[in-house]
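Report on the following structure.
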There are 2 protein chains.
Amino acid sequence: MRKDDSTTEDRAGAGVRSVQLALDVLEAIAFSGDELGVTQLAEKLDVTKGSVHRHLHTLVERGYLVQNPATTRYAIGPKSRLLARFAPDADLIQVAEAPMRELRDRLGHTVVLSALTPRGALVLATLASTSPIEIGVRPGSELPFHASAQGKVLLAFAPRPVQERILARPMEKFTERTIVTRDHLEAELVRITRQGFASAPEEVLLGINVMAAPIFDERDGCIGALAIVGSIQYLPETPDADTVAALKDYAKQISRRFGHGRGPGGASTTVPPRAARRSAAG
Amino acid sequence: MRKDDSTTEDRAGAGVRSVQLALDVLEAIAFSGDELGVTQLAEKLDVTKGSVHRHLHTLVERGYLVQNPATTRYAIGPKSRLLARFAPDADLIQVAEAPMRELRDRLGHTVVLSALTPRGALVLATLASTSPIEIGVRPGSELPFHASAQGKVLLAFAPRPVQERILARPMEKFTERTIVTRDHLEAELVRITRQGFASAPEEVLLGINVMAAPIFDERDGCIGALAIVGSIQYLPETPDADTVAALKDYAKQISRRFGHGRGPGGASTTVPPRAARRSAAG
DNA sequence: GAACCGTGTTCCGCAATCGGGAACAAGCGA
DNA sequence: TCGCTTGTTCCCGATTGCGGAACACGGTTC
């Protein structure tokens, strides 16, 4: 469906092709939250069964996947789980969990946590709204920079060279209100930097609005974005002051746990910036 | 150094070569617990810088790694962290953490948690002994089946086809006491199955002994091994009955949390076997 | 300031490698 | 038993990634 329609900018190729496919396979299984078979994967990724099978074999051999002998289908293996344990800095997902829940309970909207990736704003975790009707995004998906509040926030507070590279890319139009020109996006970034949050009314889907605020670490680097998602009726384009305040407040709260705003070498409640963790206790 | 010296059984090759290298790069960085540079990686993995660089680029592009602009070196990225969240069954590492700590405090030995991989017993987590002198293993490393208590336990309780495939492999000799013949190993597996635990005195390193007991899920599948490591003076070859009892007891305790021994559909304190987890709450 | 390392990055041609496609085996239900 | 679907294997040929070397750049040391 959404196959990489070779844009102008990837002259350097997209990297190592086989690795790309291997990661596609891995992610397809991981983010489906279920086991998948060779045939399913083959048609989902639009490659031959033989190719998928070879990659599956490699990933199983390495312990990243496991073939369920009963169903003959493939699932995430132990090695994949292990990778996360070695993240150089404290786990954003874990730290943000409690504040996210509080924010959700307070505002009622779906809450989303994202991080920067060259491809967009990676959805790390979501917390469904209190409403019976769910409006959300799938963890693992990558939201486009130009058409999401998270993407715009992460971009606005990213280092200059990163901005440059991304701004040069063509922008796909999703709705009438999607930003499609570089100038427009740059102006938006300036505004976001000034006001400390972003909103993206109907930029990717009509009727839906998203608002996002940045999360910083102890060196003022933007390491993520906290966002709320909702129907535009409840999350209007010109946002309610209380809502904005709450969002920014919780984002700041998470930032503080990473040592932001107190200089390097934080207090006791702070997550150690670069803790050496070598055991399960980590 | 240890490049695949084409054994008899891998006629199908070792899988997709580029993917192998990509994973090597990823793991080298992950399990080093630190940032690594192109040159370091190139010599560690014994490939050219150009090659490493291309793979690094791909992994960064996909969000699995991040290049630190300050040091220009590479570290684990957000996507790697995310993968772990999508493990199909409850996180063994997390569930085992508390029992591991109790066992460590009770016996004083280093405690290790492992899972099965085609290459060996993957070390998921360790908890250092109470002694000032540390005897342990690096999380992420894969212990050989024939020369580790964990490997032997996992193999003993693995499905028959898996056993077959592994038993056919040649066995490297580490010490005088390493098991190197198939017959010897098979006899050992029978004994392990009967007595419910394994020990591996001086099989990989002189002076060191390891004892391991299996962890089961609700369907009696062996999903891991709990082990204690120590100098052979304190963890003798003919083990103390109390020590064995404690090890088996804690392993069973973890198994119980996965619903083992009460049939499918466990009680409230049980980890749900296949919980649908789609949010940070998972 | 210049020569010197040590990085990370880029380039290019050759050959191995992976992908396409189709045939094969194996389970399952009708 | 026959069909349908699945996972697995095979082989050929062009693509693609590898090796090797050159390049750019920053920090040190004379």
Side-chain angles (χ1 to χ4, degrees), chain A residues 3-4 6 9-26 28-29 32 34-62 65-75 118 159 161-162 164-165, chain B residues 3-4 6 9-26 28-29 32 34-62 65-75 118 159 161-162 164-165:
Chain A
K3 57 185 61 174
D4 289 41
S6 62
E9 51 97 27
D10 52 22
R11 59 179 155 237
V16 182
R17 186 171 281 274
S18 350
V19 175
Q20 295 281 4
L21 180 53
L23 295 179
D24 283 339
V25 168
L26 191 59
I29 293 173
S32 82
D34 195 11
E35 301 177 340
L36 292 182
V38 174
T39 313
Q40 290 170 72
L41 285 164
E43 55 190 42
K44 179 177 239 178
L45 302 174
D46 196 35
V47 283
T48 47
K49 286 199 295 179
S51 196
V52 168
H53 185 264
R54 192 163 352 106
H55 281 271
L56 285 168
H57 179 72
T58 311
L59 290 167
V60 168
E61 170 67 28
R62 287 303 218 100
L65 294 178
V66 173
Q67 184 173 27
N68 185 334
T71 63
T72 75
R73 288 184 302 183
Y74 295 81
V162 173
E164 285 299 337
R165 213 169 312 133
Chain B
K3 54 185 59 173
D4 289 42
S6 61
E9 51 98 26
D10 53 22
R11 58 176 157 239
V16 181
R17 185 173 278 272
S18 350
V19 176
Q20 295 281 6
L21 180 53
L23 295 178
D24 283 339
V25 168
L26 190 59
I29 293 173
S32 82
D34 194 14
E35 301 176 340
L36 292 182
V38 175
T39 314
Q40 291 170 73
L41 285 164
E43 54 190 44
K44 178 178 242 178
L45 302 175
D46 196 34
V47 283
T48 50
K49 286 199 295 178
S51 198
V52 168
H53 185 262
R54 190 158 0 100
H55 282 272
L56 284 170
H57 178 72
T58 311
L59 290 168
V60 168
E61 169 67 27
R62 287 303 217 99
L65 294 178
V66 173
Q67 183 173 26
N68 184 334
T71 64
T72 74
R73 287 184 303 183
Y74 295 81
V162 173
E164 284 299 337
R165 214 169 311 134

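All values reported here derive from a predicted model rather than from experimental measurement. Keep in mind that the numbers below use all heavy atoms, side chains included, and drop hydrogens, waters and symmetry copies. Below, chains carry the letters A, B, ... as their sequence lines are ordered, and counting in each starts from 1.
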Nucleotide [N], atom [atom2] - distance to [atom1] of [X] in whole Å:
X: A/L21; N: C/dC18; atom1: CG; atom2: P; result: 12 Å
X: B/E35; N: C/dG8; atom1: CD; atom2: P; result: 11 Å
X: B/H57; N: D/dC18; atom1: NE2; atom2: C1'; result: 17 Å
X: B/E43; N: D/dG20; atom1: CD; atom2: P; result: 16 Å
X: A/H55; N: D/dT16; atom1: NE2; atom2: C1'; result: 12 Å
X: B/N68; N: C/dG8; atom1: CG; atom2: P; result: 12 Å
X: B/D46; N: D/dG20; atom1: CG; atom2: P; result: 10 Å

Is there side-chain contact between A/L41 and A/L56, with at least one heavy-atom pair below 4.5 Å?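 They are in contact (side-chain heavy atoms under 4.5 Å apart), so the answer is yes.
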Any side-chain heavy atom of A/V25 within less than 4.5 Å of one from A/L36?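 In short, these two side chains do not touch, never coming nearer than 4.5 Å.
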To check you understand the geometry: which heavy-atom pair defines the closest contact between A/V38 and A/H53, and what is its length?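 Heavy atoms of A/V38 and A/H53 come nearest at CG2-CD2, 4.3 Å.
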Locate the shortest heavy-atom distance separating B/S51 from B/L21; write the atom from each residue and the value.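 Between these two residues, the closest heavy atoms are OG-CD2, 3.6 Å.
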With sequence neighbours excluded, tell me which residues meet salt bridge (Lys or Arg N to Asp or Glu O under 4.0 Å) with B/E164.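 Only B/R182 meet the salt bridge (Lys or Arg N to Asp or Glu O under 4.0 Å) criterion with B/E164.
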Counting only side-chain nitrogens and oxygens, does B/S18 get under 4.0 Å of the OP1 or OP2 atom of C/dC18?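 B/S18 to C/dC18 OP1/OP2: side-chain N or O found under 4.0 Å.
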Pairs under 3.5 Å (N/O, protein and nucleotides 6-10 of chain D):
from, atom 1, to, atom 2, distance (Å)
D/dG7, OP1, A/V38, N, 2.9
D/dG7, OP2, A/V38, N, 3.4
D/dG7, OP2, A/T39, N, 2.8
D/dG7, OP2, A/T39, OG1, 2.4
D/dG7, N7, A/K49, NZ, 3.0
D/dG7, O6, A/K49, NZ, 3.2
D/dT8, OP1, A/Q67, NE2, 3.2
D/dT8, OP2, A/H53, NE2, 2.9
D/dT8, OP2, A/Y74, OH, 2.7
D/dT8, O5', A/H53, NE2, 3.1

For A/T58, what residues pass the side-chain contact (heavy atoms from CB on, under 4.5 Å) criterion, not counting sequence neighbours?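 In terms of side-chain contact (heavy atoms from CB on, under 4.5 Å), with neighbours along the sequence ignored, A/T58 is linked to B/V16, B/V19, B/Q20.
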